[in-house]
Amino acid sequence: MFKRRFFLGTAGALGAAASVSKVAMAALPEPVLQAKPDTMPPLEPPNGRPYRPVLTLNGWTLPWRMNQGVKEFHLVAEPVVREMAPGFKAHLWGYNGQSPGPTIEVVEGDRVRIFVTNKLGELTSIHWHGQRLPNGMDGVTGLNQPGIPPGKTFVYEFVARRPGTFMYHPHADEMVQMAMGMMGFWVTHPKGKHPLIDEVDRDICFLLNAYDIDPGSATPKIMTMTDFNLWSWNSRIFPGIDPLVVGFKDKVRIRIGNLTMTNHPIHLHGHEFQVTGTDGGPTPKSTRRYDITEDVPVGAMRQLEFLADEEGDWAFHCHKSHHTMNAMGHDVPTLIGVDHTGVASKIRKLIPDYMVMGERGMKDMTEMDMPLPENTAPMMAGQGPFGAVGMGGMFSVVKVRKGQKKGDYSDPGWYQHPPGTVAYEFKGSLPEPTRAKDPGVGSMPRVQQPKTDVEVTVRKPGASGHSHH
Amino acid sequence: MHRAEARPGMRRLRLPLALLSAAVLAGCASVEPGSALGQVQALTKTHTGQTVAIDRSPEDLARTSRQVEELLGQPLSMDGAVQIALLNNRGLQARLQQLGISEAEVQQASRLPNPGFSFGRMKKGDEIELERGLHLNLARLLTLPLLSRLEERRLQSVQRELAMDVLSLAADTRKAWVQAVAAEESLRYMRQVQDAAEASAELARRLQQAGNFNALMRLREQGFYADAALGLARAEQAQRAARERLTRLLGLWGEQLNFRLPERLPDLPQAPKDQPDIERQAIAQRLDVQAARLAAEQTAKNLQLTRVTRFISVFELGLVHNTSNEGPRQTGWELGLELPLFDWGSARTAKAEGIYMQALHQAAAVAINARSEVREAYGNYRASYDIARHHRDEIVPLKKRISEEQLLRYNGMLIGVFELLADARSQIASVNASIEALRDFWLAQADLDMALIGRASLSAPTAAAAPAAEAAGGH
């Protein structure tokens, strides 16, 4: 569970409320800080209207103080150290000790009062992405409110009018503050039964974020526009992203918010889902389509629902293959198919620790344990039951298990496959395979024939320099 | 000397003659052959650590060549090179023979002048006059002690010059040795650079063959290889030239040319020698300053000489023995005298004074130059120590750590192998620069040692070579 930070200062919490005066804090709810990057169990509401709480992947839900019918939350915007993967820590900005900030859960019609304390060095504010509220609470610095100066606490107060999934993020020096990891989820549960919002057994949410952290350093580069190198879910990268554990035949809802600078086609193995909501609200049932990959645009939220009726460990990831890798070099030449005999030994005379890599592809990287710059996540990692998985970035696993108890999100281990259901090696003799010979002539010939036949080698798009990811 | 029969006329001359010869013999300085070398040896032994020898006979030559063979048996150290140069350099041996020549001149100067004999036969009608005369250059006799002292002083200046020659040869040999060793070390590193560039170029060629590289990228890598090969060629040229210069100073030829040099220059000393009173030391020690001082003294002595002989330029004492068939023998003596009616000798004195002032100014110039040279050499020495230490302690370890970090990034597939090799090239270039800085330190050390004992040929400090251009790499 979360840790309360007492004024006596118990261990664990980072960057506490000590610098803000006690007198000023007397009217505020105590800020609750989180020290661990693990997935915290859902927060059952102790008071107020009941609801089925969500699980925040590698995150937590912010507890509130009920004050005469108003739910009071306290967010502290501050620099944090977030472990993005085991062995790799990043210096980010976040809320209440972690990046992203805690999920705020309320019920439709609740009055909320949010105290926002600014412990950064510059102005900040919070915009409640997608919510209907008085204009002055919208949080755009300069337009709707003066920015929150460093050291001060501002109050946002409004009624959560619309049920749905929302996000919150700063609207002052937005590019920098979001590049540094300030963002959070907001869920407004419906009052009672809603025709378009089903009741589900497992409700999981996470945000997509992206950072540009030079290997060996820990702070993201804030001037990066599109050339990010770390793609994360709730500021965690594979193999640091916790699995989504669901029970067999559970109705599962996954809410995904995109605060990166590019779109992400999120893909689920083994099941089809329906897109049941956006930040505009739940979608009409007639418009719901089935899909297995949903492209989440920038600044948007998508809600996916499916019935988990296939047992096993199902991969769940962004289908942009460079988003499932951690930091890598972009100008590394392709060494596939290049014979290294003779050259490798020559190079080793000068650089004794040199090892040939990439000759047969990139997978060898995951098998070798080579020294890397400090505080760097390996490009491809992850040890699965059958060997190295060789993934990074936006990759996780949906684990569907029979007998997973309700509310139990703990990792059940690897799936035990029934015999005969695993792909196996064929040990007999192979016939000659049929091969396609001709790609065809095309619809019409070129006006100018080239002098010589050009043999083109294909490179992945965006592999050179400055194109978008 | 022609002994006349004891005739009455001659008896009068016997005593003066005896006295004269005694005086002359007393003024004769005896110079043993070979002792002049001792002075040279004494002057040079402390600075070179060995005794200089002159090869005059075939046994001497054989002994020298045996010693040289022995020294060439192991890799040649700096002191070994100096030893061989002092033994074997034929130019030095040629100049050392000057000692023998000068010694002989001193002996000659201390010998009595050759008497002159004249004979004449005149016929006047029936009278036949026979004239026999014995002449002796009296001026020469009287000035014999002065002249022989002059020659001695000349011998001393020859000794000092030769000592300077020996010490210059030793200093030049040390510098040539440093250059040769540094050139060989540099050559080894340039070979490594070329290997790195060759590996890159070969890999780029294979990449182009496989279709992974286009022509431009492959040509770029080949360009680096071509540059590296050029660097290697120049390094080979420099190494050969440096070795030949050393060979010339060592006087080696034929099979001796295969001498081995140590692999590395000697390490930097712990700390540079702090010598605040170096100028005073130099003035006291330097041979050229001493020589200039002595030259001024000698010129002064010459001046006195000129004053003394001011009125007598040619002073001939001759014995005359005239016979005539008609009259009695006429004997007597003749005195030739140049009467300075129109040349009081003042011009000669003025000339001598001029020569003396010249010598004085010369001595002052030598002293001033000596001090300045020593200051320059000392400044060079300290600066080159600091530079060499900076290279060794800061730049080379820094580049090494950069290379290590680059390897870690290569392991993480954040950079490619070409960036890695380009970085290796730049790291090797930094090691090369550090070798050159160390070489410059040892050259400055040799120059300083030479500047403390004689005129040094100081080399102007070389501007730093431009740092190796970093190949453009990925992020």
Side-chain angles (χ1 to χ4, degrees), chain A residues 212 214-216 221 224 227 229 325-359 362 364-366 368-374 376-381 454-459 463-466, chain B residues 188-189 191-218 220-221 225 228 400-429 431 471-475:
Chain A
D212 182 14
D214 228 0
K221 291 199 219 161
T224 310
D227 199 13
N229 67 1
M325 295 174 101
N326 297 326
M328 55 181 188
H330 301 168
D331 254 337
V332 179
T334 312
L335 292 173
I336 292 174
V338 177
D339 181 20
H340 272 82
T341 48
V343 180
S345 50
K346 220 181 270 186
I347 298 177
R348 224 170 278 129
K349 271 200 288 198
L350 296 153
I351 306 166
D353 290 333
Y354 168 78
M355 281 174 68
V356 178
M357 289 196 285
E359 207 177 50
M362 293 291 191
D364 298 343
M365 280 299 297
T366 51
M368 302 193 286
D369 187 19
M370 303 177 76
L372 296 174
E374 57 174 11
T376 303
M379 185 172 75
M380 295 151 62
V454 176
E455 206 181 280
V456 173
T457 344
V458 179
R459 301 189 75 179
S464 60
H466 303 286
Chain B
R188 277 201 296 278
Y189 280 102
R191 281 211 189 94
Q192 281 192 2
V193 169
Q194 203 226 19
D195 281 347
E198 192 184 7
S200 278
E202 176 60 22
L203 198 56
R205 187 186 70 81
R206 295 192 194 179
L207 273 162
Q208 196 195 11
Q209 257 186 347
N212 299 11
F213 253 18
N214 57 24
L216 179 62
M217 305 180 77
R218 184 258 168 123
R220 267 213 201 99
E221 291 299 324
Y225 177 39
K400 187 159 181 298
R401 289 234 20 229
I402 289 178
S403 287
E404 284 168 4
E405 286 291 323
Q406 291 280 56
L407 182 64
L408 292 179
R409 299 188 116 225
Y410 170 75
N411 287 350
M413 292 197 137
L414 300 155
I415 57 170
V417 67
F418 294 101
E419 277 108 327
L420 200 61
L421 287 171
D423 177 76
R425 285 205 297 275
S426 129
Q427 192 227 344
I428 295 171
V431 175
H475 318 292

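Model, not experiment: these values are computed from the prediction. Chain letters run A, B, ... following the sequence lines, proteins first and then strands; every chain starts at 1.
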Report task. Would you name the heavy atoms of B:I415 and A:V332 that are closest together and state the gap between them? Result -> C-CG2, 3.7 Å
Report summary line: Okay, B:A424 and chain A: the region with an atom under 4.5 Å from a heavy atom over there is side chain
Report task. Hey, could you give me the CD1/CG distance between A:I347 and B:L421, rounded to the nearest 0.5 Å? Result -> 4.5 Å
Report task. Taking all heavy atoms of B:A199 and all of A:V343, pick out the closest pair and write down the distance. Result -> O-CG1, 3.8 Å
**Report entry** Spacing of A:T376 atom OG1 and B:L414 atom CG [to the nearest 0.5 Å]
**Finding:** 7.0 Å
Query - Note, A:L350 side chain near B:Q427 side chain (heavy atom, < 4.5 Å) - result: no
Query - Short side-chain to backbone donor-acceptor contact, B:R206 and A:V338, under 3.5 Å - result: no
Query raised in the report: Does a sphere of radius 6.0 Å around OH in B:Y189 hold more than 12 heavy atoms from other residues, nucleotides or ligands, not counting ones at 6.0 Å or beyond?
Result: no
Requested in this report: Can you measure from CG (A:D353) to OG (B:S403) and round to the nearest 0.5 angstrom?
Outcome: 11.5 Å
Query raised in the report: Is atom CZ of A:R348 surrounded by more than 12 heavy atoms (other residues, nucleotides or ligands) closer than 6.0 Å?
Result: yes
Requested in this report: Just give me the residue among A:A377, A:G216, A:G342, A:P373 that pairs up with chain B most often, heavy atom to heavy atom, under 4.5 Å.
Outcome: A:P373
Report summary line: Honestly, the part of B:L207 sitting under 4.5 Å from a heavy atom of chain A is both
Requested in this report: Could you tell me whether B:R220 atom CZ has more than 12 heavy atoms of other residues or ligands within 6.0 Å of it?
Outcome: no
Report summary line: Heavy atoms of B:G416 and A:P333 approach each other most closely as CA-CD, 4.0 Å
Query - Partner set under salt bridge (Lys or Arg N to Asp or Glu O under 4.0 Å) for A:K349, not counting sequence neighbours - result: none
**Report entry** Distance, nearest 0.5 Å, that separates CE of A:M355 from CG of B:N411
**Finding:** 8.0 Å
Query raised in the report: Which of these passes side-chain contact (heavy atoms from CB on, under 4.5 Å) with A:I351: B:L420, B:V417, B:D423?
Result: B:L420
Report task. Calculate, to the nearest 0.5 Å, the distance between atoms CD and CD belonging to A:E374 and B:E405 respectively. Result -> 7.0 Å
Query raised in the report: Backbone N or O of A:I336 within a donor-acceptor pair of the B:N212 side chain at under 3.5 Å?
Result: yes
